[in-house]
Amino acid sequence: MPIKENLNHIQSSIPKHVTLVAVSKTKPITDIMEAYHAGQRIFGENKIQEMVEKHEAMPKDIEWHMIGHVQKNKVKHMASFVSLIHGVDHFKLLKEINKQAKKQERTIDCLLQIKIANEASKFGMTKIDALEIIQSEAFSKLENLRVTGLMGMATFTDNEQQIEQEFRYLKNTFNELESFKTLNFNPKIISMGMSGDYPLAIDCGSTMIRVGSSIFGERHYSE
Ligand SMILES: *Cc1c(COP(=O)(O)O)cnc(C)c1O
């Protein structure tokens with residue numbers, strides 16, 4: 001199915017309170033423009049360099065979300081325009097994001113990535129790590145960033161029950177952390193769910209889904 005139909009199908013099947021991030025990694029600008037012309041304005045990339053190039057080439061009313069693992073030394077390349085960084089998994093990265101945001105005279109929104117999968121390969125912090133960060137004095141001094149929620153990636157498995165458990169764990173973690181609201185911790189977003197599992201993620205409380213292949217088709221990696 002063409003991109004526009006895929007998008008319309010997904011948009012019409014998800015509740016209004018759920019935001020769709022169209023994951024455009026590896027996809028050419030012509031494909032992304034097709035989604036843009038169908039009304040999509042939020043795109044997710046997992047490599048900073050690729051996102052920078054697409055941002056430069058494309059309309060400026062697009063919101064670019066960094067959904068991949070972020071290397072500290074690359075934050076500066078996206079600090080002028082990125083609208084949400086999903087995968088923040090340690091405090092030093094928050095410090096760097098704050099520093100680069102300050103240089104740009106911006107406030108950058110971030111999500112803390114919580115490790116919900118039982119796979120060694122998935123990044124993320126524990127609930128305790130997250131609690132420690134948001135309650136720390138050092139965090140309260142990061143005036144150029146705002147943590148607006150949590151992000152998680154379920155285990156890559158066919159076992160729906162396991163995926164559901166992991167999503168519910170993220171939702172429960174969100175509920176617990178919600179009561180610790182501060183000036184720069186204002187949780188509203190639960191980013192969970194991809195092409196294979198977003199309906200389940202929404203049932204479990206997701207407010208933001210990251211969908212790639214169901215919109216743009218399978219990805220072909222050249223590397
Ligand atoms: C690639 C990616 C997605 C989208 O995956 P699909 O299965 O193509 O929908 C979502 N989240 C993250 C973090 C990704 O890297």
Side-chain angles (χ1 to χ4, degrees), residues 1-11 13-14 18-28 31-32 34-35 38 40 42-52 54 62-71 74-75 78 82-90 93 97 109-125 148-160 162-164 166-167 169-171 174 189-223:
M1 254 201 297
I3 291 165
K4 182 178 176 176
E5 271 81 280
N6 292 341
L7 259 176
N8 289 345
H9 170 74
I10 296 169
Q11 285 288 19
S13 72
I14 63 177
V18 175
T19 301
L20 171 64
V21 178
V23 176
S24 50
K25 63 191 185 194
T26 78
K27 295 297 174 184
D31 286 7
I32 310 176
E34 227 177 293
Q40 182 67 26
I42 305 177
F43 294 94
E45 290 283 335
N46 71 338
K47 295 212 170 85
I48 292 174
Q49 193 51 42
E50 187 175 337
M51 185 172 79
V52 166
K54 287 172 175 173
I62 290 175
E63 276 185 34
W64 292 100
H65 288 200
M66 174 43 57
I67 62 169
H69 189 65
V70 176
Q71 281 172 278
K74 292 190 179 163
V75 171
M78 63 176 170
V82 67
S83 63
L84 184 63
I85 302 175
H86 288 235
V88 178
D89 62 356
H90 59 284
L93 182 56
I97 293 167
D109 287 351
C110 304
L111 306 178
L112 298 182
Q113 182 168 1
I114 305 292
K115 184 170 156 57
I116 57 173
N118 86 47
E119 284 171 298
S121 63
K122 295 257 180 358
F123 295 102
M125 58 176 81
T148 54
L150 304 180
M151 179 264 206
M153 281 178 88
T155 303
F156 187 70
T157 171
D158 291 334
N159 183 345
E160 272 216 11
Q162 182 180 352
I163 297 175
E164 178 171 348
E166 293 173 359
F167 285 156
Y169 179 78
L170 188 61
K171 167 67 172 161
F174 179 90
I189 298 168
I190 305 177
S191 167
M192 61 182 185
M194 320 192 341
S195 292
D197 55 23
Y198 72 84
L200 178 59
I202 292 170
D203 286 345
C204 295
S206 172
T207 68
M208 185 173 278
I209 57 175
R210 311 175 307 267
V211 178
S213 40
S214 291
I215 298 170
F216 295 106
E218 294 293 307
R219 283 178 294 275
H220 305 284
Y221 291 94
S222 48
E223 311 89 307

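Counting starts at 1 for both ligands and their atoms, following the listed order.
- With a 4.0 Å cut-off on non-hydrogen atoms, Arg219 touches ligand 1 through its side chain and not its backbone.
- Sparse packing is recorded around CD of Glu160, with 12 or fewer heavy atoms of other residues, nucleotides or ligands lying under 6.0 Å away.
- In this structure the side chain of Val75 reaches within 4.5 angstrom of the side chain of Leu93, judged on heavy atoms.
- Counting only heavy atoms of the protein, atom 15 (O) of ligand 1 lies nearest to Lys25 NZ, 2.6 Å.
- With rounding to the nearest 0.5 Å, the separation of CZ in Phe43 from CD1 in Ile67 is 12.5 Å.
- Contact atoms of ligand 1 toward Val211: 9 (O) (distance under 4.0 Å to a heavy atom of the residue).
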Could you walk me through whether Ile48 and Val70 pass side-chain contact (heavy atoms from CB on, under 4.5 Å), step by step?
-> CA-CA 8 Å; Ile48 292 174; Val70 176; 4.1 Å; yes
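- Within 6.0 Å of CG on Asn159 lie more than 12 heavy atoms contributed by other residues, nucleotides or ligands.
- For atom 12 (C) of ligand 1, the closest non-hydrogen atom of the protein is Ile67 CD1, 3.5 Å.
- Counting only heavy atoms from C-beta outward, the side chains of Gln162 and Asn118 approach each other to under 4.5 Å.
- The protein non-hydrogen atom at the shortest distance from atom 9 (O) of ligand 1 is Ser195 OG, 2.5 Å.
- Proximity annotation for atom 10 (C) of ligand 1: of Lys47, His65, Met153, Met194, Met194 comes nearest, heavy atoms only.
- Protein heavy atom nearest atom 11 (N) of ligand 1, with residue, atom name and distance: Arg210 NE, 2.9 Å.
- In this structure, the side chains of His65 and Arg210 stay at 4.5 Å or more apart for every pair of heavy atoms.
- Where the criterion is an N or O separation shorter than 3.5 Å, residue side chain and backbone included, Asn46 fails it with respect to ligand 1.
- Proximity annotation for atom 7 (O) of ligand 1: of Gly212, Gly152, Ser213, Ser213 comes nearest, heavy atoms only.
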